[in-house]
A.B. asks: 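Can you read through this structure? Questions will come right after.
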Amino acid sequence: MANGWSLIIGLVIVVIASAVAWIFSPKGDNQTLFRSTLILSFVACYLMWAITFMAQWHPLITPKRSDIRPDRVPQ
C-alpha cells in the first residue's frame with residue numbers, strides 16, 4: 001500500500017538524478033542546454049507523477065459503491 005513516504009522517496013530519486021545529470025553532462029557548447037533539458041524533464045515527470053499520486057491518494061470526490069441499487073424516484 002502506498003503512503004506519504006512515496007513522495008519523499010520519489011523526490012530524493014529526482015534530486016539524485018538531477019545531480020548526476022549536472023555532474024556528468026558532456027562538456028561543450030551545448031552543456032547548459034543538455035543540463036537544463038534533463039533536469040526539467042526529471043522535474044516535470046516527478047510533478048506529473050506526484051499530482052496523479054495525490055489525486056488518487058486523497059480524491060476530492062469520494063467514490064460511490066456501484067453494487068447498491070439507486071433509490072427509486074417517484075414520478
Side-chain angles (χ1 to χ4, degrees):
M1 195 68 168
N3 55 23
W5 286 105
S6 299
L7 293 170
I8 304 299
I9 292 169
L11 180 63
V12 169
I13 290 171
V14 167
V15 168
I16 291 170
S18 296
V20 168
W22 182 272
I23 294 169
F24 293 112
S25 62
K27 307 294 187 242
D29 294 337
N30 294 327
Q31 182 180 17
T32 306
L33 179 65
F34 191 80
R35 283 180 179 171
S36 300
T37 302
L38 283 176
I39 293 172
L40 284 174
S41 297
F42 292 146
V43 171
C45 288
Y46 172 74
L47 282 176
M48 195 66 194
W49 171 79
I51 291 169
T52 304
F53 179 82
M54 291 295 290
Q56 293 177 5
W57 193 30
H58 295 292
L60 295 176
I61 301 171
T62 56
K64 294 183 181 179
R65 291 179 55 178
S66 63
D67 61 337
I68 299 176
R69 290 174 41 187
D71 293 336
R72 297 186 113 189
V73 178
Q75 294 180 347

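Sequential numbering from 1 along the given sequence is applied to the chain's residues.
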A.B. asks: If you compare all heavy atoms of W22 against all heavy atoms of I39, which two are closest, and at what distance to 0.1 Å?
C.D. replies: CE3-CD1, 3.9 Å

A.B. asks: Please report the closest heavy-atom contact between A17 and F42, naming both atoms and the distance.
C.D. replies: O-CE1, 3.5 Å

A.B. asks: Linking I/L/V/M/F/W/Y whenever any side-chain heavy atoms sit under 4.5 Å apart, do V15 and Y46 land together?
C.D. replies: yes

A.B. asks: Under 4.5 Å between side-chain heavy atoms, hopping through other hydrophobics if needed: is there a path connecting W49 to L38?
C.D. replies: yes

A.B. asks: Which pair of non-hydrogen atoms, one from F34 and one from S25, has the smallest distance, and what is that distance?
C.D. replies: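 So the two residues come closest at CD2-CB, 3.7 Å.
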
A.B. asks: Using the rule side chain to side chain contact (heavy atoms under 4.5 Å, CB included), only one of I13, L7, L11 pairs with I9; which is it?
C.D. replies: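 Single pass found, and it is I13.
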
